Amino acid sequence: MDIRQLQYLAALAREKHFTRAATACNVTQPTLSGRIRQLELELGIPIVERGQRYQGLTPEGEKVLKWAQVILKNWQSMQEELGHLKDHDVGLTGRLVLGGIPSALPMIPLLTKKIRKIHPGIDFTVLSQSSEEILRGIVDFSVDVGITYLDSEPIEGMLATPLYIERYCLFVPEGHPLAERKSVTWREAANEPLCLLTNNMQNRRIIDRAFEKAKCHPSPRLETNSVINLCSNVRLMGLASIMPQYILDVLGNMSGVKAIPLDEPTVEHSVGLVVAARDPLSPLIEAMRETAALLAPVSFSERVGA
């Protein structure tokens with residue numbers, strides 16, 4: 001058994017197609033299939049369900065895949081650390097996969113900008129995901145680092161670093177009767193034609209709990225998994241929305257839109273960086289944690305102005 005066989009297996013599980021997996025590994029399809037069959041013979045178990053097309057992994061294959069992912073991640077981490085030791089002055093190099101809840105995506109460029117000042121050789125893949133997808137991705141090694149809520153749903157088995165405090169506003173079109181108010185209650189917001197994130201998003205579950213505390217249960221006119229789409233519907237459709245306070249700070253002055261702080265109840269949540277509590281940590285992941293630790297948890301507005 002060698003690293004290449006495990007890479008081929010991981011690619012097949014990811015792509016769910018022999019030809020696509022072979023292309024991703026820069027080999028021919030017969031080469032990939034032959035090396036996986038060789039792995040089956042060496043281990044003495046069936047790994048892939050046999051058929052004319054890829055039909056998934058056997059139960060034994062799923063077990064092998066989990067071990068393969070651990071081995072491949074440790075091998076990658078070793079390569080990163082040895083590369084850094086050989087050329088310490090250049091800094092770390094490699095790619096990190098970041099999963100962020102939609103409402104936290106504007107925070108990620110501030111984090112990646114800061115770490116690239118120290119390690120310009122680090123590149124990033126950034127994914128918009130629900131909190132559940134982030135935690136699942138970290139466990140199965142498809143996500144290296146998550147940016148998610150730290151205090152509203154469980155994050156067992158994770159190392160967490162707070163980044164900022166999220167607060168909420170009612171976003172309405174300019175000229176709306178509430179537009180010049182200094183604050184709005186959640187009960188008042190419930191009476192507006194709302195567009196909100198879909199209920200698989202933790203941000204939406206936080207909003208729903210706030211409405212429950214205010215003893216009201218609005219029915220949104222529109223649901224989406226995109227914060228940008230929420231902004232567009234406020235500006236172009238005349239709907240109202242509930243989003244984090246910092247949206248206007250990040251997107252700049254959105255013409256025709258006003259944000260009014262929400263109270264009764266006041267809702268605040270800590271958002272931060274999470275990684276799997278593995279030992280040792282990848283040097284790239286450790287560098288990201290160290291960078292996040294330099295950013296004290298404050299409001300996002302204070303962070304942008306810093």
Side-chain angles (χ1 to χ4, degrees), residues 10 13-14 62-63 65-78 80-81 92 94-112 114-115 118-119 122-167 197 199-207 209 225 227 244 267-300 303:
R14 182 179 67 250
E62 293 289 351
K63 297 284 188 183
L65 175 63
K66 287 182 179 179
W67 280 107
Q69 289 170 329
V70 172
I71 293 168
L72 288 171
K73 180 56 68 175
N74 287 336
W75 179 81
Q76 178 186 336
S77 298
M78 182 187 70
E80 292 166 358
E81 187 159 6
L92 294 167
R95 178 174 292 272
L96 281 171
V97 179
L98 277 61
I101 53 174
S103 63
L105 290 179
M107 177 64 189
I108 293 178
L110 300 179
L111 196 55
T112 55
K114 194 170 188 67
I115 193 172
I118 307 168
H119 303 287
I122 298 181
D123 297 321
F124 304 92
T125 297
V126 179
L127 306 174
S128 176
Q129 298 181 315
S130 69
S131 57
E132 293 170 348
E133 289 172 331
I134 290 169
L135 297 181
R136 190 163 57 244
I138 291 175
V139 170
D140 69 18
F141 297 93
S142 61
V143 171
D144 296 309
V145 174
I147 310 294
T148 187
Y149 294 102
L150 303 183
D151 57 2
S152 60
E153 292 186 6
I155 52 169
E156 288 94 350
M158 300 288 162
L159 302 175
T161 307
L163 289 172
Y164 66 92
I165 307 301
E166 186 173 88
R167 302 183 178 97
L197 288 176
N199 57 19
N200 66 314
M201 297 293 176
Q202 197 169 348
N203 175 271
R204 171 63 183 278
R205 296 194 287 273
I206 288 171
I207 288 171
R209 287 195 291 267
N225 62 358
V227 170
V267 179
E268 297 182 347
H269 283 285
S270 175
V271 176
L273 181 146
V274 295
V275 304
R278 299 185 179 113
D279 186 19
L281 283 177
S282 154
L284 269 65
I285 292 175
E286 188 62 62
M288 182 63 82
R289 289 190 71 227
E290 290 171 359
T291 302
L294 298 175
L295 305 175
V298 297
S299 73
F300 194 95
R303 171 78 63 234

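One-based numbering along the sequence shown. This one's a predicted model, so the numbers in the text were calculated from it and none came from an experiment.
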(request) Apply the test side chain to side chain contact (heavy atoms under 4.5 Å, CB included) to residues Val139 and Leu135: give CA-CA distance (whole Å), side-chain angles for both, the deciding distance (0.1 Å), then the verdict. (result) CA-CA 6 Å; Val139 170; Leu135 297 181; 5.7 Å; no
(message) Suppose we screen for side-chain contact (heavy atoms from CB on, under 4.5 Å). Which residues come up paired with Lys114, at least two apart in sequence or across chains?
(response) Thr291, Leu294, Leu295
(message) Please give me the minimum heavy-atom distance between Ile138 and Arg278, naming the atom from each residue.
(response) O-NH2, 2.9 Å
(message) By the salt bridge (charged side-chain N to carboxylate O under 4.0 Å, His left out) test, which pairs, at least two apart or in different chains, include something from residues 137-147?
(response) Lys73-Asp144
(request) Kindly give the heavy-atom pair with the smallest separation between Gln129 and Gly99, and that separation in Å. (result) OE1-CA, 3.6 Å
(request) Identify the two heavy atoms, one from Ile147 and one from Ile134, that lie closest to each other, and give their separation to 0.1 Å. (result) O-CD1, 3.7 Å
(request) With sequence neighbours excluded, tell me which residues meet side-chain hydrogen bond (donor to acceptor under 3.5 Å, both in side chains) with Glu132. (result) none
(request) Please round to the nearest 0.5 Å and tell me the distance separating atom CD1 of Ile165 and atom CG of Leu150. (result) 8.5 Å
(request) Output all residues satisfying side-chain hydrogen bond (donor to acceptor under 3.5 Å, both in side chains) with Asn225, sequence neighbours left out; order by chain, then residue number. (result) none
(request) Grab the two heavy atoms, one from Val275 and one from Ile285, that are nearest each other, plus how far apart they are. (result) CG1-CG2, 3.6 Å
(request) Please round to the nearest 0.5 Å and tell me the distance separating atom CD1 of Ile101 and atom CD1 of Ile206. (result) 7.0 Å
(message) To the nearest 0.5 Å, what is the distance between CD1 on Ile122 and CD1 on Ile115?
(response) 4.0 Å
(message) Leu105: which residues meet the side-chain contact (heavy atoms from CB on, under 4.5 Å) condition with it, sequence neighbours left out?
(response) Ile108, Val126, Ser128
(message) Tell me every residue that passes side-chain hydrogen bond (donor to acceptor under 3.5 Å, both in side chains) with Ser131, counting only those two or more places apart in sequence or in another chain.
(response) Gln202, Arg205
(request) Using salt bridge (charged side-chain N to carboxylate O under 4.0 Å, His left out) as the criterion, list what pairs up with Glu133, not counting sequence neighbours. (result) none
(request) Look up atom CG in Leu273 and atom CG in Leu98, then write down how far apart they are to the nearest 0.5 Å. (result) 7.5 Å
(message) Just to verify, what does Ile71 make a side-chain contact (heavy atoms from CB on, under 4.5 Å) with, not counting sequence neighbours?
(response) Ile3, Leu6
(message) The criterion is salt bridge (charged side-chain N to carboxylate O under 4.0 Å, His left out); which residues satisfy it with Asp123, sequence neighbours excluded?
(response) Arg116
(message) Show the nearest heavy-atom pair for residues Ala10 and Leu65, with the distance to one decimal.
(response) CA-CD1, 4.0 Å
(request) Applying salt bridge (charged side-chain N to carboxylate O under 4.0 Å, His left out), name anything that partners Glu290, two or more places apart in sequence or on another chain. (result) none
(request) Name all residues meeting the side-chain contact (heavy atoms from CB on, under 4.5 Å) criterion together with Asn199; count only those two or more places apart in sequence or in a different chain, and write none if there are none. (result) Arg204
(message) If you compare all heavy atoms of Ala104 against all heavy atoms of Val271, which two are closest, and at what distance to 0.1 Å?
(response) CB-CG1, 4.1 Å
(request) Verify side chain to side chain contact (heavy atoms under 4.5 Å, CB included) between Tyr149 and Ile155, making sure each step is shown before the conclusion. (result) CA-CA 9 Å; Tyr149 294 102; Ile155 52 169; over 6 Å; no
